[in-house]
Amino acid sequence: MRYLVPVLVLLGLIVLLGVGLKNDPREVPSPLIGKPAPTFNLKLLGEEGSYTNADLKGRPVLVNFFASWCEGCQVEHPVLLKLAKEFNVEIIGMDYKDAPADATRWLARHGSPYRKVILDEQGNAGLDWGVYGVPETFVLNADGVIIYKHIGPMTEAAWREKIAPLMAGVKP
Amino acid sequence: MRMLLFIFMMLPAIAMAMNPADTAGMDAAQEARYRVLIQELRCLVCQNQNIADSDAPLAEDLRSQVRRQILAGESNAQITEYLTQRYGDFVLYNPPFKAITLLLWLGPVVLVLLALGMAYLFTRRSRKASPGSTELDAEKLRKLLDESK
């Protein structure tokens, strides 16, 4: 009986530790969830004209920050290609702190899942979107509001379990 | 002796190898603010470092941002607000004292008090039991001595 209180406290701590250890301490939660996409007006890769945050409205989209120098982006690339080709997901690419020529070459080599590729050469859009390491993928609803952020390479599991349910009208 | 040790431990904070370009064009007050701010902001890539110490490209970008805003006349509060809007409270090296971080700040104190409280309760119970056992030991001791004679 005299051990009841310490045992209960110990069990409580073990539960807390168990929950805490499941979280990845390196993942920084985004304060942009629930907010409209940050304002930007940038040039496109491989075509004339520019693209702004207003162009992101009207349908659910994924905004994927990537770069030709990024290894994780290579890892997730097949998944993005599958999402775009098989599930018809609209993915807008944000080419982050990258030389346009390098991006063109990289996409020619690996294929492009992107409907459009926006050039964020200085990383200013990255700063406004709270990007701290590519790849990072933002899920936007039809009103252009950020509803989810996926940190790190995209996986099919993450798509199936977390993202597809958020994109109404898209096949899971 | 302890003072010397303390001073040695503080030296790294003063001896920051700073690129003079970082503070070019700033007056003394701005420079002082810049140095303090970059020590209070976390590098999101090397998350155990502030942006003053980190070599990560993002740290460089954030330092530039701080520099640009100081020169543009933004206040410290405005600069930290700008960054927490984009990266959240985690970008502040010292977590703010808000309702949500109350557990973070007070948790250790609460746990220590809990432990001390339990320790006190346990020693009180064992103290109650001991007076009887001392008497018993004295009796046993006398018997043993008598038998050995």
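Scope of the values below: all heavy atoms of this structure, side chains included, with no hydrogens, waters or symmetry mates. Chain identifiers are assigned alphabetically (A, B, ...) following the order of the sequence lines, protein sequences preceding nucleic acid strands; residue numbering begins at 1 within each chain.
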Next on the checklist: So for Phe90(B), is it side chain, backbone, both, or neither that comes closer than 4.5 Å to the heavy atoms of chain A?
Outcome noted: side chain

Item to check | Salt bridge present between Glu31(B) and Arg35(B) (N-O < 4.0 angstrom) | outcome: yes

Next on the checklist: Please output the residues of residues 30-45 of chain A in contact with chain B, using a heavy-atom cutoff of under 4.5 Å, in numerical order.
Outcome noted: Pro31(A), Leu32(A)

Checklist entry - Does Arg86(B) pair with Asp128(A) as a salt bridge, N-O distance under 4.0 Å? => result yes

Item to check | Contact class of Gln85(B) relative to chain A, heavy atoms under 4.5 angstrom | outcome: backbone

Next on the checklist: Would you say that Val134(A) contacts Trp69(A) through its side chain, given a criterion of any heavy-atom pair below 4.5 Å between the two side chains?
Outcome noted: yes

Checklist entry - How about residues 90-109 of chain A versus chain B: which residues have heavy atoms under 4.5 Å apart? => result Tyr96(A), Lys97(A)

Item to check | Structural part of Val9(A) lying under 4.5 Å from a heavy atom of chain B | outcome: side chain

Item to check | Side-chain H-bond candidate by donor/acceptor type, Glu76(A) with Asn64(A), under 3.5 Å | outcome: yes

Checklist entry - Is there side-chain contact between Val63(A) and Trp129(A), with at least one heavy-atom pair below 4.5 Å? => result yes

Checklist entry - Judged by modelled atom types alone, do Arg33(B) and Asn76(B) share a side-chain donor-acceptor pair under 3.5 Å? => result yes

Item to check | Verdict with supporting geometry, Glu147(B) and Lys143(B), salt bridge (charged side-chain N to carboxylate O under 4.0 Å, His left out) | outcome: CA-CA 6 Å; Glu147(B) 283 171 25; Lys143(B) 283 207 184 111; over 6 Å; no

Next on the checklist: Less than 2.5 angstrom apart at the SG atoms, yes or no, for Cys43(B) and Cys46(B)?
Outcome noted: no

Next on the checklist: For a quick check under 3.5 Å, do Gln74(A) and His110(A) share a side-chain donor-acceptor pair by atom type?
Outcome noted: yes

Checklist entry - CD1 of Ile118(A) to CG of Leu56(A): how many Å apart, nearest 0.5 Å? => result 6.0 Å

Checklist entry - Heavy atoms, side chains only, cut-off 4.5 Å: are Leu58(B) and Ile51(B) in contact? => result no

